[in-house]
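Below you'll find the structure, written out as structure tokens, and then a few comments.
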Amino acid sequence: MNEIKKNTVLSGVQPSGNLHIGNYLGAIKNFVSMQSDYNCFFCIVDLHAITVKQDPKILKRNTLEVAASYIASGIDPKKSVVFNQSSVSAHSELAWIFNCVTRMGWLNRMTQFKDKAGKDKENASSGLFIYPNLMAADILVYKATHVPVGNDQKQHLELTRDIAQKFNRDFNCENFFPIPEPIIDKDISRIMSLKDGGQKMSKSDLSEYSRISLLDESDEIIKKIKKAKTADTVMPEKIEQILKLSEVNNLLNIYAGFSGIEKEKLIAQYKGQNFSNFKSDLSDILVEQMKPITAEIKKLMQDKGYLIEILLEGQNKANEVAQKTINDVYDIVGFLRNET
Ligand code: AQP
């Protein structure tokens with residue numbers, strides 16, 4: 001790895017289903033652009049995925065599919081470390097230490113637990129409740145300075161910062177852990193469901209029409225965009241009016257995210273028109289950009305041996321860094337190491 005790069009980036013995606021364009025725009029696309037400037041660690045967070053029920057066979061396949069999606073989207077395993085979280089035991093070891101650093105009150109404030117546990121809180125796994133501690137361990141075990149995430153993870157990243165500060169203070173080891181910064185793109189950090197602009201696009205949404213999967217073929221993309229909710233008006237001309245139409249605003253964000261055209265320019269182009277031209281142009285852009293990625297994911301999934309080789313190489317590189325941190329942490333907290 002290039003030693004000149006000073007800052008380290010860590011981010012991850014759960015292998016909890018087919019990835020969608022929200023994961024792509026909110027996370028993976030940013031990962032790709034960071035590879036030249038940072039030491040990058042991109043993991044497939046399988047330990048996080050089992051905080052809710054997973055089918056073991058499907059989990060293994062999904063893990064490979066996230067690896068394939070990373071590579072097909074442009075993550076270069078020669079530049080970045082790509083691995084699955086459970087293969088580096090230091091993540092779980094540091095998470096335990098953080099379970100003892102984090103205060104219950106901090107975790108009680110996490111809105112994602114409330115959203116995911118829903119009304120049946122008593123029946124949620126305790127893993128789902130302490131999930132943010134594991135996320136902090138994922139980041140800090142590599143002493144990552146920057147974390148590209150969607151807006152939904154902002155609160156967890158703030159908690160990571162609190163944990164790093166408290167650990168450094170409690171154990172009198174100033175600057176041992178860096179205080180990581182989030183990297184969040186304002187407009188594409190929260191891509192919403194195609195059916196409901198109030199819900200985030202999610203792998204676990206029961207409706208396939210709520211999202212565009214990275215595995216969708218062109219005809220499915222066209223059909224989903226055609227069916228996507230808009231509004232009973234024409235395209236407004238002012239951004240303030242658009243912000244009130246959450247589904248229209250979401251489609252504009254997707255269009256801008258994939259085309260690189262500023263939202264204001266898109267509004268000027270389509271203002272006063274009904275949404276059919278806009279939707280047809282949006283489908284064209286999505287098909288053009290997604291087609292090579294989808295084809296590459298499917299091709300890579302035919303060569304599982306190659307994907308496993310990449311993960312193994314990543315695991316070795318990640319272990320080297322993570323093991324050093326965990327050894328230092330064990331020393332700092334006062335664990336006796338029985339060395340021969
Ligand atoms: N809708 C979204 N818009 C923008 N970014 C998003 N991310 C997820 N959904 C959106 C970002 O993708 C990264 C990986 O997310 P994850 O798979 O670890 O978990 P998640 O946020 O819980 O994603 P899902 O799709 O909603 O999965 P399920 O349904 O399994 O819970 C993160 O950086 C996230 O911010």
Side-chain angles (χ1 to χ4, degrees), residues 9-34 40-55 58-59 62-63 65-67 69-70 73 75 82 84-86 91 110-118 124-125 127-128 131-132 134-135 138-139 144 146-160 180-208 210-215 228 246-247 249-254 256-258:
V9 154
L10 173 290
S11 203
V13 172
Q14 293 188 64
S16 48
N18 288 340
L19 301 195
H20 49 72
I21 57 168
N23 298 127
Y24 177 75
L25 285 182
I28 301 177
K29 195 163 175 257
N30 291 334
F31 299 174
V32 175
S33 63
M34 298 180 133
C40 291
F41 292 84
F42 297 125
C43 57
I44 302 149
V45 287
D46 46 7
L47 295 172
H48 283 290
I50 63 158
T51 53
V52 296
K53 197 166 170 42
Q54 302 291 339
D55 176 324
I58 297 177
L59 182 62
N62 283 344
T63 301
E65 216 163 78
V66 177
S69 303
Y70 277 171
S73 304
I75 290 176
V82 177
N84 59 314
Q85 186 191 25
S86 63
H91 288 245
M110 296 296 112
T111 55
Q112 195 180 76
F113 175 76
K114 290 176 193 153
D115 292 345
K116 289 206 169 176
S125 73
L128 191 64
Y131 174 119
L134 177 59
M135 179 167 156
D138 300 335
I139 296 165
H146 294 81
V147 186
V149 282
N151 204 26
D152 56 324
Q153 294 296 334
K154 196 166 164 232
Q155 196 186 28
H156 289 166
L157 202 73
E158 279 158 11
L159 188 90
T160 299
E181 296 287 340
I183 301 179
I184 298 179
D185 184 315
K186 168 167 80 53
D187 280 335
I188 55 178
S189 63
R190 199 167 164 85
I191 299 298
M192 309 310 277
S193 155
L194 299 180
K195 292 182 72 180
D196 175 357
Q199 296 290 326
K200 108 176 161 122
M201 187 177 283
S202 174
K203 299 181 209 102
S204 50
D205 193 314
L206 292 178
S207 170
E208 280 291 329
S210 67
R211 62 182 165 263
I212 291 173
S213 147
L214 299 193
L215 291 177
S246 55
E247 285 86 8
N249 187 40
N250 186 42
L251 291 181
L252 276 164
N253 285 339
I254 295 173
F258 275 96

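When a ligand or atom number is given, it counts from 1 through the structure's own listing order. Residues: numbered from 1 along the sequence shown. Below, each value reflects all heavy atoms present in this structure, side chains not excepted, and no hydrogens, waters or symmetry copies.
Under a 3.5 Å cut-off, the side chain of Tyr70 and the backbone N or O of Val32 do not form any donor-acceptor pair. When atom types are taken as modelled, the side chain of Gln54 and the backbone of Ala49 share a donor-acceptor pair closer than 3.5 angstrom. Side-chain atoms of Lys116 never come within 3.5 Å of backbone atoms of Val52 as a donor-acceptor pair (strictly under, hydrogens ignored). Side chain of Glu247 to backbone of Gly197: a donor-acceptor contact under 3.5 angstrom is found. Between the side chain of Ser11 and the main chain of Pro148, a donor-acceptor pair closer than 3.5 Å is present.
Atom NE2 of His146 sits about 11.0 Å away from atom SG of Cys40, to the nearest 0.5 Å.
Taking 4.0 Å as the cut-off, Ser11 does not count as a neighbour of ligand 1 on heavy-atom distance. The shortest heavy-atom distance from Lys116 to ligand 1 is under 4.0 Å. At least one heavy atom of His20 sits under 4.0 Å from some atom of ligand 1.
Every residue two or more places apart in sequence or in another chain that forms a ring pair (Phe, Tyr, Trp, His ring centres under 6.0 Å) with Tyr24 is listed here: Phe258. A search for ring pair (Phe, Tyr, Trp, His ring centres under 6.0 Å) contacts involving His20 returns nothing, not counting sequence neighbours.
Here's the thing with Asn23: one of its N/O atoms is less than 3.5 angstrom from an N/O atom of ligand 1. Considering backbone and side-chain atoms alike, Met201 places an N or O below 3.5 Å from some N or O of ligand 1.
Each of the following atoms of ligand 1 lies closer than 4.0 Å to a heavy atom of Ser16: 30 (O). Near Arg190, the atoms of ligand 1 lying under 4.0 angstrom from a non-hydrogen atom of the residue are 3 (N), 4 (C). Against a heavy-atom cut-off of under 4.0 Å, Gln153 is close to the following atoms of ligand 1: 21 (O), 35 (O). Interface atoms of ligand 1 facing Ala27, defined by a heavy-atom separation under 4.0 Å, are 12 (O), 13 (C), 33 (O). Distances below 4.0 Å separate heavy atoms of Ser202 from the following atoms of ligand 1: 24 (P), 25 (O), 26 (O), 28 (P), 29 (O). Every atom of ligand 1 is numbered from 1 in the order shown, and the set under 4.0 Å from a heavy atom of Lys200 is 1 (N), 8 (C), 9 (N), 20 (P), 21 (O), 22 (O), 23 (O), 24 (P), 26 (O). Remark: ligand 1 atoms within the under-4.0 Å shell around heavy atoms of Ser204 are 28 (P), 29 (O). Atoms of ligand 1 lying under 4.0 Å from at least one heavy atom of Gly26, given by number and element, are 4 (C), 5 (N).
Distances from atom 34 (C) of ligand 1 to the heavy atoms of Asn62, Asp152, Ile21 put Asp152 nearest. Selection from Pro182, Gly22, Ser210, Ala49 by nearest heavy atom to atom 6 (C) of ligand 1 gives Gly22. Nearest to atom 2 (C) of ligand 1 by heavy-atom distance, out of Ile184, Val147, Ile191, is Ile191.
Ion pairing of Asp152 with Lys200 is present here, as a side-chain N (NZ or NE/NH1/NH2) and a carboxylate O approach within less than 4.0 Å.
At a cut-off of 3.5 Å, with distance as the only test, a side-chain donor of Asp46 or Ser86 sits close to an acceptor on the other residue.
Contact annotation for Lys203 and ligand 1: heavy atoms of both the backbone and the side chain come within less than 4.0 Å of the ligand.
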